[in-house]
Amino acid sequence: MKALKELEKDFRHMNSLLIEEYEQAVKEFKKEEKEKGPMKEQHDIAKKKMLTDAGFDIKKIEREEEKETIAFQKRLAIKRKELINRKPNLFIKSQEKSLYSQILKGDRYSVLTPFGACLMAPDTKLVESVEGERGNPWVFPYDPSQIKIMASGHIGGWTCWQAYGSAPPPTANIWFNFVPDRTGKWDFSAIVAFDGFYVLRSDDSWYNCRNAWVKLKATARVHQYSWQGKKNYTLLSEEESNADYTRLFNSTEWMDTSGVLQAGDITWILVTITLEAMSSGSGTYAELNFQSGTANHILPVLVLANLA
């Protein structure tokens with residue numbers, strides 16, 4: 001059994017590899033955006049000229065879009081206040097965790113709780129309210145039992161027929177450690193509770209190609225000497241071209257993985273959660289929020305381990 005200092009060293013080393021990969025992806029995205037910037041501006045100018053030549057009043061269209069955007073922002077501010085100030089259900093989640101632990105513990109199952117977590121985001125504003133040890137672009141939350149993270153992105157302009165890249169999504173890496181007492185194939189079930197909300201606004205027309213989307217994905221995998229058993233999960237995927245709504249996302253998800261393990265050696269179970277919220281076109285909006293207020297968060301309830 002490794003001492004706590006050794007586990008902490010392993011934890012930081014494994015996170016450093018993920019952070020390095022994420023940092024490189026952010027650098028590449030920013031470089032690509034800088035290179036594409038002038039091309040996007042030229043595209044917008046050409047698109048507006050084409051519509052003007054066809055007899056459309058571009059200034060009037062933009063004024064109307066601005067009015068609609070202001071009205072939407074006012075409605076969203078009211079709705080956001082309700083969503084942020086709603087009462088948290090941590091008591092219920094605590095009861096669920098206690099119930100699972102009591103029912104499933106014993107000779108067959110081992111119950112694991114989070115060892116640590118690392119949040120990464122392309123924009124520090126998306127994790128600025130998280131209390132923890134900070135770097136760029138990462139945060140180690142002081143409390144890994146409650147993950148606070150969100151996503152929101154926008155591609156402006158007149159975007160029909162226009163290619164664009166996307167930044168690496170805000171990501172939460174949640175780590176559980178385990179030492180198998182027997183050699184063989186081990187199965188793991190990660191139970192994670194999600195309490196949050198998402199916003200989609202888009203009003204597509206033939207000339208503006210607007211759309212907005214949110215995606216919530218997860219992977220679960222096992223590491224002992226090397227990575228094993230990676231499984232991918234899509235928990236939420238919504239895309240709209242003509243919509244304007246805000247919805248809650250409250251769900252407890254089970255994510256399974258497995259690995260062939262050697263008895264007595266440290267094993268890590270990693271649950272990676274990625275958030276994507278993006279809108280394309282002037283006046284559009286997308287947000288996926290597990291951060292604001294006390295009721296919105298991701299709770300790693302526990303991981304169950306058993307010898308298959």
Side-chain angles (χ1 to χ4, degrees), residues 1-2 7 10-11 14-15 18 88-119 141 143-149 169 171-196 215-237 249-275 288 290 296-308:
M1 176 73 71
K2 288 191 177 182
L7 288 173
D10 281 354
F11 168 74
M14 296 182 75
N15 271 294
L18 299 178
N89 61 356
L90 289 172
F91 180 65
I92 296 174
K93 298 303 178 185
S94 178
Q95 290 177 323
E96 287 182 354
K97 182 175 181 179
S98 176
L99 178 63
Y100 291 140
S101 299
Q102 292 300 317
I103 292 175
L104 297 170
K105 75 177 183 180
D107 294 336
R108 184 178 177 188
Y109 291 98
S110 295
V111 177
L112 316 178
T113 55
F115 179 87
C118 178
L119 310 185
D143 181 8
S145 67
Q146 185 175 146
I147 304 301
K148 307 283 278 186
I149 193 168
T171 300
N173 289 310
I174 308 166
W175 298 84
F176 302 79
N177 70 303
F178 175 66
V179 178
D181 58 0
R182 287 165 288 179
T183 298
K185 182 176 180 291
W186 284 80
D187 292 330
F188 300 93
S189 293
I191 306 173
V192 182
F194 297 85
D195 288 285
K215 296 179 182 179
L216 177 65
K217 297 182 179 181
T219 64
R221 50 182 170 157
V222 180
H223 188 278
Q224 190 193 65
Y225 320 130
S226 62
W227 287 109
Q228 303 181 54
K230 183 177 180 179
K231 289 190 177 181
N232 301 316
Y233 297 88
T234 298
L235 310 178
L236 171 69
S237 181
F249 183 81
N250 298 325
S251 179
T252 298
E253 302 287 342
W254 289 58
M255 289 162 281
D256 298 326
T257 185
S258 61
V260 178
L261 307 177
Q262 179 71 34
D265 286 349
I266 186 66
T267 300
W268 293 96
I269 299 90
L270 174 61
V271 176
T272 298
I273 298 165
T274 60
L275 289 70
L288 180 56
F290 297 101
N296 301 298
H297 42 236
I298 299 171
L299 304 179
V301 179
L302 51 83
V303 166
L304 300 171
N306 72 288
L307 188 64

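The shown structure was predicted, so the numbers you read here are calculated from the model rather than taken from an experiment. Heavy-atom basis, side chains included; hydrogens, waters and symmetry copies ignored.
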Peer 1: Sequence neighbours excluded, which residues qualify as salt bridge (Lys or Arg N to Asp or Glu O under 4.0 Å) partners of Asp143?
Peer 2: none
Peer 1: Keeping to residues at least two apart or across chains, list the salt bridge (charged side-chain N to carboxylate O under 4.0 Å, His left out) pairs with something in residues 109-119.
Peer 2: none
Peer 1: If you round to the nearest 0.5 Å, how far is CG of Leu307 from OG of Ser110?
Peer 2: 10.0 Å
Peer 1: Considering only heavy atoms from C-beta outward, does the side chain of Val222 approach that of Leu261 to under 4.5 Å?
Peer 2: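 Val222 vs Leu261: side chains touch.
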Peer 1: As an exercise, state the distance from CG of Leu288 to NZ of Lys215, rounded to the nearest 0.5 Å.
Peer 2: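 Leu288 CG to Lys215 NZ: 12.5 Å, rounded to 0.5 Å.
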Peer 1: Is any side-chain heavy atom of Val192 closer than 4.5 Å to one of Thr252?
Peer 2: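 No, too far: nothing below the 4.5 Å cut-off.
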Peer 1: Closest approach of Gly196 and Asn250, non-hydrogen atoms and distance?
Peer 2: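 Result for this residue pair: N-OD1, 3.6 Å.
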Peer 1: Scan residues 297-307 for pairs that pass salt bridge (charged side-chain N to carboxylate O under 4.0 Å, His left out), counting only residues two or more places apart or in two chains.
Peer 2: none
Peer 1: Find out whether Phe290 and Ile273 are in side-chain contact, i.e. whether some heavy atom of one side chain is under 4.5 Å from a heavy atom of the other.
Peer 2: no
Peer 1: Going by side chain to side chain donor-acceptor pair (under 3.5 Å), name the residues that satisfy it together with Asp265, two or more places apart in sequence or in a different chain.
Peer 2: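 Here the qualifying residues are Tyr225.
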Peer 1: Considering residues at least two apart in sequence or located in another chain, which fulfil the side chain to side chain donor-acceptor pair (under 3.5 Å) criterion with Asn306?
Peer 2: none
Peer 1: Run the side chain to side chain contact (heavy atoms under 4.5 Å, CB included) test against Thr272 and tell me which residues pass, sequence neighbours left out.
Peer 2: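 Side chain to side chain contact (heavy atoms under 4.5 Å, CB included) check on Thr272 returns Thr171, Asn173, Thr219, Leu270, Thr274.
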Peer 1: How far does OG of Ser145 sit from CD1 of Ile174, to the nearest 0.5 angstrom?
Peer 2: 10.5 Å
Peer 1: Please report the interatomic distance CH2(Trp268) to CZ(Arg221), rounded to the nearest 0.5 Å.
Peer 2: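 Trp268 CH2 to Arg221 CZ: 14.0 Å, rounded to 0.5 Å.
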Peer 1: May I have the list of side-chain donor-acceptor pairs in residues 230-237 shorter than 3.5 Å, sequence neighbours left out?
Peer 2:
unit_1	atom_1	unit_2	atom_2	d
Tyr233	OH	Asp256	N	2.8
Tyr233	OH	Asp256	O	2.8

Peer 1: Restricting to non-hydrogen atoms, name the atom on Ala172 and the atom on Ile149 that form the minimum distance, rounded to 0.1 Å.
Peer 2: N-CD1, 4.2 Å
Peer 1: Taking only residues two or more places apart in sequence, or in another chain, which ones meet Thr267 in a side chain to side chain donor-acceptor pair (under 3.5 Å)?
Peer 2: Gln224
Peer 1: List for me each residue that meets ring pair (Phe, Tyr, Trp, His ring centres under 6.0 Å) alongside Phe178, sequence neighbours excluded, and say none if there are none.
Peer 2: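 Applying ring pair (Phe, Tyr, Trp, His ring centres under 6.0 Å) to Phe178 gives Trp186, Phe188.
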Peer 1: Does the side chain of Leu304 reach to within under 4.5 Å of the side chain of Trp254, using non-hydrogen atoms?
Peer 2: yes
Peer 1: Tell me, please, which residues at least two apart from Phe176 pass ring pair (Phe, Tyr, Trp, His ring centres under 6.0 Å).
Peer 2: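 Phe176 satisfies ring pair (Phe, Tyr, Trp, His ring centres under 6.0 Å) with no residue once adjacent residues are dropped.
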Peer 1: When you measure from the side chain of Glu253 to the backbone N and O of Ile191, does any donor-acceptor pair fall under 3.5 Å?
Peer 2: no
Peer 1: Check whether any side-chain heavy atom of Leu7 lies under 4.5 Å from a side-chain heavy atom of Asn177, and answer yes or no.
Peer 2: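 Yes - at least one pair of side-chain heavy atoms lies under 4.5 Å apart.
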Peer 1: Got a sec, which residues hit side chain to side chain contact (heavy atoms under 4.5 Å, CB included) with Ala263, two or more places apart in sequence or on another chain?
Peer 2: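 Testing Ala263 for side chain to side chain contact (heavy atoms under 4.5 Å, CB included), a comparison that skips the adjacent residues, returns Thr183.
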Peer 1: Quick one: does Met255's side chain get under 4.5 Å of Thr257's, heavy atoms only?
Peer 2: no
Peer 1: Taking the side chain as C-beta and beyond, is there a heavy-atom pair between Asp187 and Ser258 under 4.5 Å?
Peer 2: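 Sidechains of Ser258 and Asp187: in contact.
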Peer 1: Please name the pair of heavy atoms, one in Ala117 and one in Pro144, separated by the smallest distance, quoted to 0.1 Å.
Peer 2: N-CB, 3.9 Å
Peer 1: Is there a side-chain contact between Gln228 and Val260 in this structure, where contact means two heavy atoms from C-beta onward sitting under 4.5 Å apart?
Peer 2: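 Sidechains of Val260 and Gln228: in contact.
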Peer 1: Please enumerate all residues that pass side chain to side chain donor-acceptor pair (under 3.5 Å) together with Trp175, with sequence neighbours excluded.
Peer 2: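 In terms of side chain to side chain donor-acceptor pair (under 3.5 Å), with neighbours along the sequence ignored, Trp175 is linked to Asn15.
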Peer 1: Set out, in order, the CA-CA distance, both residues' side-chain angles and the distance that settles side chain to side chain contact (heavy atoms under 4.5 Å, CB included) for Asp10 and Ile266, then state yes or no.
Peer 2: CA-CA 10 Å; Asp10 281 354; Ile266 186 66; 4.2 Å; yes
